[in-house]
Amino acid sequence: MSTNSAVPTERESAFIHRQRVARLATSDAAGHPAVVPVCYAWDGQHFFIALDEKPKSVAAHKLKRVRNIEARHEASLLIDQYSDDWSQLAYILIYAQAEIVAPDHSLHPHALSLVRERYVQYRTMELETLPVIALTPTRISSWGSAL
């Protein structure tokens with residue numbers, strides 16, 4: 001099963017909302033890949049990933065994923081479901097145009113509202129001064145009977 005469209009089907013959209021974590025893949029200007037687990041929110045047009053207050057070794061704007069997006073403006077988001085019952089395996093792979101949304105951007109408050117609604121942990125974090133990653137799907141591929 002693969003839509004190869006930039007818009008998820010109803011089943012894919014339901015799967016996206018059911019899952020709680022994804023993997024964000026970016027690459028630097030030379031093409032060296034980097035993958036990190038992320039929490040996300042989806043509004044039907046964009047996936048939003050907050051750069052939060054969890055301890056990090058560098059400031060938000062110096063994170064590898066941020067530098068990679070600034071260098072290439074493309075990313076992939078893998079949302080998957082694993083089960084020991086392999087008939088329940090499924091994934092959605094989103095190829096996307098990536099953007100760093102600064103706190104003064106018009107999408108920033110909307111993104112924060114969505115991630116706070118989805119993840120209670122974000123409700124007490126001061127995210128207003130931190131950027132958000134926005135992914136706009138360019139192609140979606142999916143597989144699995146659990147979709």
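Residues take their numbers from the sequence shown, with the count starting at 1.
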Item to complete: List the steps, then state whether side chain to side chain contact (heavy atoms under 4.5 Å, CB included) holds for L77 with L93.
Response: CA-CA 6 Å; L77 189 68; L93 179 57; over 6 Å; no

Discussion item. Would I79 and I94 count as a side chain to side chain contact (heavy atoms under 4.5 Å, CB included) here? Give the steps.
Written reply: CA-CA 8 Å; I79 304 169; I94 296 104; 3.8 Å; yes

Measuring only between side-chain heavy atoms, which start at C-beta, is [X] closer than 4.5 Å to [Y]?
X	Y	result
I16	F47	yes
L112	V132	yes
Y95	I140	no
T26	P33	no
I49	L135	yes

Worksheet item: With no hydrogens and no angle check, is any side-chain donor or acceptor of Q81 less than 3.5 Å from a backbone partner on Q88?
Response: yes

Worksheet item: Quick one: does S145's side chain have a donor or acceptor within less than 3.5 Å of a partner on S87's backbone?
Response: yes

Applying side-chain contact (heavy atoms from CB on, under 4.5 Å), can you list everything that pairs with [X], at least two apart in sequence or on another chain?
X	value
A50	V115, Y122, L127
S27	R72
V21	R23, P37
L89	Y82, W86, W143

Minimum heavy-atom separation for [X] and [Y], please, with both atom names.
X	Y	result
P109	H105	CD-O, 3.6 Å
A29	A71	N-CB, 4.0 Å
A146	A90	CB-CB, 3.8 Å
A98	A75	CB-CB, 4.0 Å
P8	S13	CB-N, 4.1 Å

Look up atom [atom1] in [X] and atom [atom2] in [Y], then write down how far apart they are to the nearest 0.5 Å.
X	Y	atom1	atom2	answer
S113	H108	OG	NE2	12.0 Å
E12	W42	CD	CH2	10.0 Å
C39	L24	SG	CG	12.0 Å
I100	R65	CD1	CZ	9.5 Å
N68	E74	CG	CD	10.5 Å

Discussion item. Between V35 and L78, is there shared hydrophobic-cluster membership here, with clusters defined by ILVMFWY side-chain heavy atoms closer than 4.5 Å?
Written reply: no

Kindly write out the residues that satisfy side chain to side chain donor-acceptor pair (under 3.5 Å) with [X], not counting sequence neighbours, or none if the list is empty.
X	value
Q97	none
E117	none
T136	H46
E128	R116

Worksheet item: With a 3.5 Å cut-off and no angle check, do the side chains of R118 and Y40 form a donor-acceptor pair?
Response: yes

Item to complete: State whether a side-chain donor-acceptor pair under 3.5 Å links S83 with D85.
Response: no

Discussion item. Before you tell me yes or no, could you show the steps for L51 and V66 under side chain to side chain contact (heavy atoms under 4.5 Å, CB included), namely the whole-Å CA-CA distance, both residues' side-chain angles and the distance that decides it to 0.1 Å?
Written reply: CA-CA 9 Å; L51 300 173; V66 171; 3.5 Å; yes

Worksheet item: ring pair (Phe, Tyr, Trp, His ring centres under 6.0 Å) with H110: which residues, sequence neighbours excluded?
Response: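 Only F48 meet the ring pair (Phe, Tyr, Trp, His ring centres under 6.0 Å) criterion with H110.
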
Worksheet entry | Pairs meeting criterion salt bridge (charged side-chain N to carboxylate O under 4.0 Å, His left out) with involvement of residues 25-44, two or more places apart | D28-K64

Worksheet entry | Residue pairs, two or more places apart or on separate chains, that pass salt bridge (charged side-chain N to carboxylate O under 4.0 Å, His left out) and touch residues 94-110 |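 Output for this query is empty, none listed.
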
